[in-house]
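Keep in mind that the numbers below use all heavy atoms, side chains included, and drop hydrogens, waters and symmetry copies. Remember, it's 1-based here, ligands and their atoms both numbered in the order they're listed. The residues of the chain are indexed from 1 along the displayed sequence.
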Amino acid sequence: MAVLTGKTISERLQSMVPEGVRLQIPPPCLIDMQGEPLEYEENVSLAVRFPVLPRYANPLGHMQGGYLVAALDNTLGPFSYLIAPPSVTSSLNTQYLRPVTPETSFITCVARLTERTRGTLYLTGEARNPEGKVVALCQAVCQILSAKS
Ligand SMILES: CC(C)(COP(=O)(O)OP(=O)(O)OC[C@H]1O[C@@H](n2cnc3c(N)ncnc32)[C@H](O)[C@@H]1OP(=O)(O)O)[C@@H](O)C(=O)NCCC(=O)NCCSC(=O)Cc1ccccc1
């Protein structure tokens with residue numbers, strides 16, 4: 001099974017854009033969160049690391065749930081583009097298991113393919129803290145865009 005790391009993951013992503021399709025890769029949403037692609041196991045999983053920025057804090061000082069989902073979404077999205085033609089997320093469910101505390105410097109998100117049909121990808125995601133403990137889990141469904149989209 002081929003494994004890509006670091007910059008070669010972004011290069012692969014750029015090479016996956018179908019001819020004649022205009023896509024911004026990497027997109028502003030990923031650049032904004034300073035996501036760093038770590039490892040892509042071809043057609044199996046993608047790991048991306050995100051720094052926990054002070055501006056993500058909720059009133060408790062923990063990473064706000066929406067930003068945590070954004071990090072997961074910023075992992076599932078590129079993964080879906082690596083394994084299939086461009087798609088959109090039609091559902092995303094999340095469970096928060098542990099808070100991302102102010103001492104947490106980064107989280108690592110991993111996206112995996114569970115199942116695939118002609119037009120749909122079924123993905124799972126997890127976010128872990130630097131100690132390796134799971135802070136959030138998610139399940140996503142992505143609808144592959146048809147050529148006319
Ligand atoms: C508390 C519960 C929901 C349920 O726990 P249970 O299933 O009954 O299990 P358990 O009690 O075993 O705890 C599990 C683990 O959690 C740990 N831990 C718990 N509490 C603390 C703590 N205070 N500080 C540090 N750690 C704490 C605990 O030590 C244990 O860890 P361990 O196994 O020893 O390593 C837990 O799953 C949780 O905190 N999830 C994350 C929720 C979350 O972050 N949501 C998103 C942000 S909310 C938001 O943004 C909304 C908003 C937006 C804007 C403005 C305003 C609001």
Please collect all side-chain hydrogen bond (donor to acceptor under 3.5 Å, both in side chains) contacts where either partner lies in residues 4-17, sequence neighbours excluded, each pair once. R12-E42
If the condition is side chain to side chain donor-acceptor pair (under 3.5 Å), which residues does E103 pass it with, not counting sequence neighbours? T101
Rounded to the nearest 0.5 Å, what's the gap from CD on E126 to SG on C138? Could you check? 9.5 Å
Rounded to the nearest 0.5 Å, how far does OH of Y81 lie from OG of S87? 6.0 Å
Contacts of type ring pair (Phe, Tyr, Trp, His ring centres under 6.0 Å), residue Y67, not counting sequence neighbours: Y56
Enter the distance from E115:CD to T124:OG1 here, rounded to the nearest 0.5 Å. 12.0 Å
Distances for all N or O pairs of ligand 1 and the protein under 3.5 Å?
{"from": "ligand 1", "atom 1": "31 (O)", "to": "R98", "atom 2": "NE", "distance (Å)": "3.3"}
{"from": "ligand 1", "atom 1": "33 (O)", "to": "R98", "atom 2": "NE", "distance (Å)": "3.1"}
{"from": "ligand 1", "atom 1": "33 (O)", "to": "R98", "atom 2": "NH2", "distance (Å)": "3.0"}
{"from": "ligand 1", "atom 1": "35 (O)", "to": "R98", "atom 2": "NE", "distance (Å)": "2.9"}
{"from": "ligand 1", "atom 1": "35 (O)", "to": "K133", "atom 2": "NZ", "distance (Å)": "2.6"}
{"from": "ligand 1", "atom 1": "37 (O)", "to": "Y96", "atom 2": "O", "distance (Å)": "3.3"}
{"from": "ligand 1", "atom 1": "37 (O)", "to": "L97", "atom 2": "O", "distance (Å)": "2.5"}
{"from": "ligand 1", "atom 1": "40 (N)", "to": "Y96", "atom 2": "O", "distance (Å)": "3.2"}
{"from": "ligand 1", "atom 1": "40 (N)", "to": "L97", "atom 2": "O", "distance (Å)": "3.4"}
{"from": "ligand 1", "atom 1": "50 (O)", "to": "N58", "atom 2": "ND2", "distance (Å)": "3.2"}
{"from": "ligand 1", "atom 1": "50 (O)", "to": "G65", "atom 2": "N", "distance (Å)": "3.0"}

